[in-house]
Novice: 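Please find one structure pasted underneath; my questions will follow.
In what follows, residues are counted from 1 in the order of the sequence shown. We use all heavy atoms of the structure for the numbers below, so side chains are in, but hydrogens, waters and symmetry mates are not.
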Amino acid sequence: MFYNKIILIELILYLLGMLLIGIYFTKRKFTQEDYHLGGKKIVGWALALSERATGESAWLILGLTGFAYAKGLSAVWIALGCVLGILASWIFLAKKFRQEAEKYNVFTYTEYLARKHKEKENFIRWYSSFIIIFFYIFYISAQFGGGGKVLNTTFGLPETYGTLLSAIVVILYSMAGGFFAVVWTDAVQAILMILTFIATPIFALFYILKNKISFEPLFSSPDLFSLTGGVFGFSAGILIFNNLSWFFGYLGGQPQLSTRWMAMKNDEDVKKGMFVAILWTIFAYSGAISIGILGNLLVEKGTLKDPEFLLPALVLKLFPAWFGGILLVGAIAAMMSTASAQLLLTTTAISEDVYHKALKKDLDERKLVLISRLTLLFVGVFGLILTFTSKKLIYTIVSWAWAGIGCSFSPVIILSFFWKKFNSYGAIASLMTGSLTTIIWMATGLDKYFSSIAASFIFAFTFAIIFSLSFKSNKN
């Protein structure tokens, strides 16, 4: 109980800190661009940390560690797919995003696509906004639920109260400070997360060596120490391909990540941010896999009701109370960073892309920011209600979201950046094909045999090219 009290105090201090950051930024006089994209006033390294914290939610700190614990070294292929996608996006796309946002004078992801493909801008604006709003509202609900789950595991706090607490804090600081508050809280959260990924496997290894725990159980298990999970031939190939296919979801198609690149002040900031992001990514994914593998020597199988509880269990076992509390706050941070980014992005799609641009509601900057804040509050409350009323639906939709969003938008972004013949018809084909393929793939169970991420990307990319070549359009 003493241990939990210490961690609880640290958690309360952390949550208060996040709220204070949000309150601090309320003193600023925001324009609409400031509220949604920071007005090019945030340093590159902070944006890079924000992009990484946003991109790697509780799925990495709890999900991937638990998957590696349960499946062993075969989890490496998921990690490799993600890392390669992250590296490719920073190396080939980040600078281009900044330059294109500046060229078209836009501060939202959807508005960029609409301006780039002006001939069909209204449809692209509406359909892109629909994809973002539909998928992210469920994603936000899942993140709120994840916060309740972590607080329940750590403190025995009822999930309902934990969900309410985490949701209220995220909603308040995001509503108060907009993009500024979200980025700077993300930066703090990214530091806490990477501390967890570095410290936990190091201390786990020291504990194993100090107590002379044998490594033999790892080497003697054909499943745990196998890169294919103990399967061979065609099945092994499918396993590797499906896990590597996470690569496709990172190629510019996640708006909550791409907006961080759009917010960069100059190309030099992009370079500095790239160094920070790549370093963070390598340490984080290496740490997650190591935690899962070493966890097999420290936590007996069957003692956890869910493999995703591995990290909290290891932290409680390995660390003194004060330090363990800091690391466990990292798990809360993972959820909050993603929730706040998606909350703000969904708000942007509704208040700026739909209300201001599509419906052409022209108001002064002060009123637009007020509408954005009220929209964020509404989206947050609606997401919270969904968390309590539609859990099964939420987690079904979330399982589609990475493919549905990433692989609808990624072909549009890549072809918009690098192919001169790409046009608005191709953009529409990609958006519709990618989102519909994901839903069909997941709803019919085909995802068990061939990754929905790969299928959505391949079909969307193919139809984008076919429609661009088949239908002539005026030059954008």
Novice: Will you find, in the side chains of Tyr355 and Thr375, an N or O donor that is under 3.5 Å from an N or O acceptor?
Specialist: no
Novice: With the side chain counted from C-beta on, respond yes when Ile428 and Ile124 share a heavy-atom pair under 4.5 Å apart, and no when they do not.
Specialist: yes
Novice: Mind checking whether Asp267 and Gln99 have side chains closer than 4.5 Å, heavy atoms only?
Specialist: yes
Novice: Quick one: pull up CG in Leu377 and OG in Ser372 and give me the separation to the nearest 0.5 Å.
Specialist: 12.5 Å
Novice: Test Tyr127 against Ser435 for side chain to side chain donor-acceptor pair (under 3.5 Å), laying out the working first.
Specialist: CA-CA 10 Å; Tyr127 197 78; Ser435 55; 2.9 Å; yes
Novice: Is the shortest side-chain heavy-atom distance between Ser89 and Trp261 below 4.5 Å?
Specialist: yes
Novice: Verify the distance criterion only: is there a donor paired with an acceptor across the side chains of Thr110 and Ser128 at less than 3.5 Å?
Specialist: no
Novice: Taking atom CZ as the centre, does Phe382 end up with more than 12 heavy-atom neighbours from other residues, nucleotides or ligands that are less than 6.0 angstrom away?
Specialist: no
Novice: I'd like to know if the side chain of Ser141 reaches the main chain of Gly383, judged simply by a donor and an acceptor atom lying under 3.5 Å from each other, with no hydrogens or angles considered.
Specialist: yes
Novice: Do the side chain of Ser258 and the main chain of Gly252 share a donor and acceptor less than 3.5 angstrom apart?
Specialist: yes
Novice: Using side-chain heavy atoms (C-beta onward) and a distance below 4.5 Å, is Ile350 in contact with Phe378?
Specialist: no
Novice: If you define the side chain from C-beta out and look only at heavy atoms, does anything of Val379 sit under 4.5 Å from Ile137?
Specialist: yes
Novice: If we count only N and O atoms by modelled type, under 3.5 Å, do the side chains of Tyr285 and Glu56 hold a donor and an acceptor together?
Specialist: yes
Novice: Does a sphere of radius 6.0 Å around CG in Asp364 hold more than 12 heavy atoms from other residues, nucleotides or ligands, not counting ones at 6.0 Å or beyond?
Specialist: yes
Novice: Taking atom types as modelled and ignoring hydrogens, do the side chains of Thr259 and His36 form a donor-acceptor contact shorter than 3.5 angstrom?
Specialist: no
Novice: Is a donor on one side and an acceptor on the other found under 3.5 Å between the side chain of Ser174 and the backbone of Ile171?
Specialist: no
Novice: Atom CE in Met264, atom CE in Met274: separation rounded to 0.5 Å?
Specialist: 10.0 Å
Novice: How many angstroms lie between atom CE of Met193 and atom CG of Leu49, to the nearest 0.5 angstrom?
Specialist: 10.5 Å
Novice: Does the side chain of Thr438 pick up a donor-acceptor pair with the side chain of Ser456 at under 3.5 Å?
Specialist: yes
Novice: Quick check on the 6.0 Å ring-centre criterion: do Phe283 and Phe197 meet it?
Specialist: no
Novice: Rounded to the nearest 0.5 Å, how far does CZ of Phe461 lie from CG of Leu415?
Specialist: 4.0 Å
Novice: Look at the side chain of Asp269 and the backbone N and O of Val43, then say whether any donor-acceptor pair between them is shorter than 3.5 Å.
Specialist: no
Novice: Answer yes or no: does atom OH of Tyr24 have more than 12 heavy-atom neighbours from other residues, nucleotides or ligands under 6.0 Å?
Specialist: no
Novice: Counting N and O atoms only, with roles assigned by atom type, does the side chain of Asp186 sit under 3.5 Å from a partner on the main chain of Val183, one being a donor and the other an acceptor?
Specialist: no
Novice: Is there a side-chain contact between Phe179 and Thr348, using heavy atoms and a 4.5 Å cut-off?
Specialist: no
Novice: For the residue pair Ile131 and Ser408, what are the closest heavy atoms and their distance?
Specialist: CD1-CB, 4.2 Å
Novice: Could you walk me through whether Glu51 and Trp90 pass the side chain to side chain donor-acceptor pair (under 3.5 Å) test, one step at a time?
Specialist: CA-CA 10 Å; Glu51 187 268 344; Trp90 270 98; 3.0 Å; yes
Novice: Quick one, Gln143 and Gln342 - any side-chain contact, counting heavy atoms below 4.5 Å?
Specialist: yes
Novice: Ignoring hydrogens and angles, tell me if any N or O in the side chain of Tyr35 forms a donor-acceptor pair with the backbone of Met175 under 3.5 Å.
Specialist: yes
Novice: Angle class for the Phe323/Phe319 ring planes (parallel below 30°, perpendicular above 60°, tilted otherwise)?
Specialist: perpendicular
Novice: Could you point out which residue of Ile291, Thr65, Leu195 forms a side chain to side chain contact (heavy atoms under 4.5 Å, CB included) with Thr200?
Specialist: Ile291
Novice: Would a distance-only check, ignoring hydrogens and angles, find a side-chain to backbone donor-acceptor pair under 3.5 Å from Arg98 to Ala94?
Specialist: no
Novice: Going by heavy atoms in the side chains, are Phe97 and Tyr109 under 4.5 Å from each other?
Specialist: yes
Novice: Starting at CG of Leu345, measure out to CZ of Phe135 and round the result to the nearest 0.5 Å.
Specialist: 13.5 Å
Novice: Would the number of heavy atoms belonging to other residues, nucleotides or ligands and lying under 6.0 Å from NZ of Lys272 be above 12?
Specialist: no
Novice: Does any N or O in the side chain of Glu10 come within less than 3.5 Å of the main-chain N or O of Ile326, such that one atom is a donor and the other an acceptor?
Specialist: yes
Novice: Measure the CG-CG distance between Leu16 and Leu11 for me, rounded to the nearest 0.5 Å.
Specialist: 9.5 Å
Novice: Ignoring hydrogens and geometry, is there a side-chain-to-backbone donor-acceptor pair from Lys40 to Met262 under 3.5 Å?
Specialist: yes
Novice: Report yes or no: does Thr462 contribute a side-chain atom to a donor-acceptor pair with the main-chain N or O of Ile458 at less than 3.5 Å?
Specialist: yes
